[in-house]
**Student:** 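One structure is given below, represented as structure tokens, and several questions about it will come after.
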Amino acid sequence: MDQNVVSISQDIRDMKIRGAGRIARAGADAMGKFAEGYQGKDMAAFRKDLDEAVGVILGSRPTAVSLWNGVQSSISGAKSAGSVDEAKGIITANSARFIAESNEAVHRIAQIGAKRIEDGDTIVTHCNSSVAIGVITEAHRQGKDIKVYATESRPWRQGILTVNDLSKAGVDTTLIIDSAVRLVMKKVDKVFVGADTITSHGALVNKIGTSQVALAAKEARVQFYTCSETYKFSPISLEGDLVKIEEREVSEVVRPGEIPADVKVYNPVFDVTPAQYIDGIVTELGLISPGSVYDILQRKFGTEIMKE
Ligand code: RI2
């Protein structure tokens with residue numbers, strides 16, 4: 001097995017590479033490196049080895065469809081190539097294109113989303129979304145006077161990354177524990193979060209606790225936005241497939257011996273926020289409603305990607 005593929009997949013599994021966009025780009029990069037380093041000339045063997053490499057990468061984290069889309073976009077058309085060299089060329093070009101378009105999408109979303117933030121706004125963000133942070137820091141860069149409450153995001157505490165990012169950008173930032181969200185919501189104007197997956201019926205799958213933030217926002221009549229590149233839209237959800245919610249180790253929640261051995265620990269990493277809690281999805285194609293996800297999936301992916 002290609003060592004780049006093995007090590008990138010391990011880094012994704014261990015959360016050394018994390019965040020739905022970053023893992024998508026890492027998955028695409030792994031496919032590009034696999035193609036560059038492939039030595040054989042037999043197409044049948046290449047197809048088999050490619051399938052194995054794809055399986056290793058996709059097995060690293062199950063929830064974010066961005067990883068699946070990054071990998072599938074990178075290998076699109078390669079298996080029907082006339083030779084291994086042609087297939088390798090297709091994959092390296094696809095991979096580079098995906099990574100460039102992904103970075104460009106993050107930039108576009110920052111420009112579009114920042115317009116929804118007004119001078120004097122107080123914002124809540126949850127976990128660590130590079131895309132949501134891009135929107136917030138762009139609004140700040142434009143000179144808008146904003147305040148941000150960032151949740152700690154147990155158990156991995158990605159909120160610590162967020163407050164570091166925001167502070168570095170000069171944004172007035174306050175860290176709160178996850179359970180303080182409803183209390184602070186009274187002082188909040190807008191919520192901006194990221195996305196791991198968005199389904200064809202507009203439900204948002206994001207870091208555990210996102211749906212509680214959305215619930216508190218709805219109750220307080222606070223606008224709730226998710227910032228999502230369209231490769232986080234799930235083509236397989238069109239066929240009714242459920243998004244697999246990743247469960248991680250008990251050790252992420254409690255230290256050994258801290259609780260009685262007969263107490264079970266349940267550590268789901270993501271939850272689902274239904275479309276009716278979402279005021280808008282900021283994508284690189286524009287600000288859309290959750291009801292438009294189906295159309296974009298059809299327009300962007302058609303049925304092609306599902307046949308790979
Ligand atoms: P960006 C993260 O998942 C968070 O749930 C975050 O909202 C989402 O990915 C999107 O991140 P994890 O990898 O692509 O921390 O916006 O489990 O950076």
Side-chain angles (χ1 to χ4, degrees), residues 8-29 57-58 60-70 98-99 101-110 112-114 123-138 148 150-166 169 178 181 191-199 203-214 224-234 243-249 252-253 267-273 278 281-284:
I8 290 173
S9 110
Q10 196 57 46
D11 284 351
I12 294 174
R13 198 183 297 270
D14 295 343
M15 309 257 301
K16 285 184 189 145
I17 303 172
R18 54 146 297 280
R22 286 195 190 94
I23 66 174
R25 291 189 288 277
D29 183 42
I57 290 292
L58 294 186
S60 56
R61 287 198 80 188
T63 299
V65 74
S66 54
L67 178 61
W68 191 87
N69 276 326
F98 180 86
I99 292 167
E101 287 178 1
S102 164
N103 285 319
E104 177 55 26
V106 174
H107 179 71
R108 276 289 298 149
I109 291 170
I112 296 167
I123 294 160
V124 159
T125 190
H126 181 56
C127 194
N128 180 252
S129 159
S130 56
V131 191
I133 288 171
V135 167
I136 294 166
T137 54
E138 175 57 20
V148 177
T151 56
E152 179 190 20
S153 308
R154 279 271 291 155
W156 269 79
R157 303 182 79 223
Q158 292 99 324
I160 302 297
L161 299 171
T162 297
V163 298
N164 272 287
D165 292 344
L166 292 174
D178 300 342
V181 154
V191 175
F192 282 86
V193 296
D196 286 89
T197 291
I198 296 185
T199 68
L204 164 66
V205 183
N206 194 48
K207 181 58 53 186
I208 192 80
T210 301
S211 65
Q212 287 181 177
V213 177
F224 181 98
Y225 293 98
T226 175
C227 308
S228 173
E229 307 91 309
T230 53
Y231 60 76
K232 293 173 183 167
F233 292 5
S234 170
V243 176
K244 184 170 166 32
I245 300 293
E246 179 182 2
E247 284 177 42
R248 293 183 65 93
E249 294 299 308
E252 294 182 352
V253 180
N267 182 24
V269 192
F270 301 99
D271 65 17
V272 184
T273 301
I278 302 168
I281 306 174
V282 190
T283 78
E284 76 278 14

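Residue numbers run from 1 in the order of the sequence given. In each ligand, atom 1 is the first atom listed, and ligand 1 is the first ligand listed. We use all heavy atoms of the structure for the numbers below, so side chains are in, but hydrogens, waters and symmetry mates are not.
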**Student:** Just need the protein heavy atom nearest to atom 6 (C) of ligand 1, so name the residue and atom and give the distance.
**Tutor:**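 For atom 6 (C) of ligand 1, the nearest protein heavy atom comes out as Asn206 OD1, 3.6 Å.
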**Student:** Would one find more than 12 heavy atoms of other residues, nucleotides or ligands at under 6.0 Å from atom CZ of Arg248?
**Tutor:** yes
**Student:** Identify the closest protein heavy atom to atom 17 (O) of ligand 1: which residue and atom is it, and at what distance?
**Tutor:**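 Looking only at protein heavy atoms, the one closest to atom 17 (O) of ligand 1 is Lys207 NZ, 2.7 Å.
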**Student:** Among protein heavy atoms, which sits nearest to atom 15 (O) of ligand 1, and what does the distance come to when rounded to 0.1 Å?
**Tutor:**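 Answer for atom 15 (O) of ligand 1: Arg18 NE, 2.7 Å.
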**Student:** Under 4.0 angstrom from ligand 1, any heavy atom of Asp196?
**Tutor:** yes
**Student:** Nearest heavy-atom pair of Ile12 and Ala26: which atoms, and what distance?
**Tutor:**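 Scanning both residues completely, I find the closest heavy atoms to be CD1-CB, 4.2 Å.
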**Student:** Please list the nearest protein heavy atom to atom 10 (C) of ligand 1 with its residue and the distance rounded to 0.1 Å.
**Tutor:** Ala195 O, 3.4 Å
**Student:** Does Thr226 use its side chain to pair, donor to acceptor, with the backbone of Ile281 at less than 3.5 Å?
**Tutor:**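 Not a single qualifying donor-acceptor pair exists.
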**Student:** Say whether Phe270 and ligand 1 are in contact under the criterion: heavy-atom distance to a ligand atom below 4.0 Å.
**Tutor:**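 The answer is yes: ligand 1 sits under 4.0 Å from a heavy atom of Phe270.
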**Student:** Answer yes or no: does atom CZ of Arg18 have more than 12 heavy-atom neighbours from other residues, nucleotides or ligands under 6.0 Å?
**Tutor:** yes
**Student:** Quick one: closest heavy-atom pair of Ser234 and Thr197, and the distance?
**Tutor:** CB-CG2, 3.8 Å
**Student:** Quick check: Gly21 and ligand 1, any N/O pair under 3.5 Å apart?
**Tutor:**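 Such a contact does occur with ligand 1.
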**Student:** Taking non-hydrogen atoms only, is Gln158 closer than 4.0 angstrom to ligand 1 via side chain, backbone, both or neither?
**Tutor:** side chain
**Student:** Could you tell me the residue and atom name of the protein heavy atom closest to atom 16 (O) of ligand 1, and the distance to it rounded to 0.1 Å?
**Tutor:**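 Going atom by atom, the protein heavy atom closest to atom 16 (O) of ligand 1 ends up being Ser129 OG, 2.7 Å.
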**Student:** In the protein, which heavy atom is nearest to atom 18 (O) of ligand 1, and how far is it?
**Tutor:** Ser130 OG, 2.5 Å
**Student:** Taking Asn267 for the side chain and Glu247 for the main chain, is one N or O donor matched with an acceptor at less than 3.5 Å?
**Tutor:** no
**Student:** State, without any angle test, whether Thr63 and Asp196 hold a side-chain donor-acceptor pair at a distance under 3.5 Å.
**Tutor:**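 No - no donor-acceptor pair under 3.5 Å links their side chains.
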**Student:** Can you find an N/O atom of Val131 closer than 3.5 Å to an N/O atom of ligand 1?
**Tutor:** yes
**Student:** So which heavy atom in the protein is nearest atom 12 (P) of ligand 1, and how far is it from that ligand atom?
**Tutor:**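 Heavy-atom neighbour on the protein nearest atom 12 (P) of ligand 1: Arg61 NH1, 3.5 Å.
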**Student:** Take atom CD of Gln212 as the centre, draw a 6.0 Å sphere, and report whether it contains more than 12 heavy atoms from other residues, nucleotides or ligands.
**Tutor:**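 It does not: Gln212 CD has 12 such atoms or fewer within range.
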**Student:** Is it the side chain (CB and beyond), the backbone, both or neither of Asn128 that lies under 4.0 Å from ligand 1, heavy atoms counted?
**Tutor:**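 Backbone only.
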**Student:** Applying side-chain contact (heavy atoms from CB on, under 4.5 Å), can you list everything that pairs with Asp11, at least two apart in sequence or on another chain?
**Tutor:**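 Per chain and number, Asp11 pairs via side-chain contact (heavy atoms from CB on, under 4.5 Å) with Lys16, Ile17.
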**Student:** Indicate yes or no for a side-chain donor-acceptor contact from Asn69 to the backbone of Ala24 under 3.5 Å, with no hydrogens or angles considered.
**Tutor:**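 No; judged by distance alone, with no hydrogens or angles, the pair does not exist.
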**Student:** Is Lys232 in contact with ligand 1, taking contact as a heavy-atom separation below 4.0 Å?
**Tutor:** yes
**Student:** Report the member of Ala20, Gly194, Cys127 with the shortest heavy-atom distance to atom 11 (O) of ligand 1.
**Tutor:** Ala20
**Student:** Could you tell me whether some N/O pair between Gly19 and ligand 1 is separated by less than 3.5 angstrom?
**Tutor:** yes
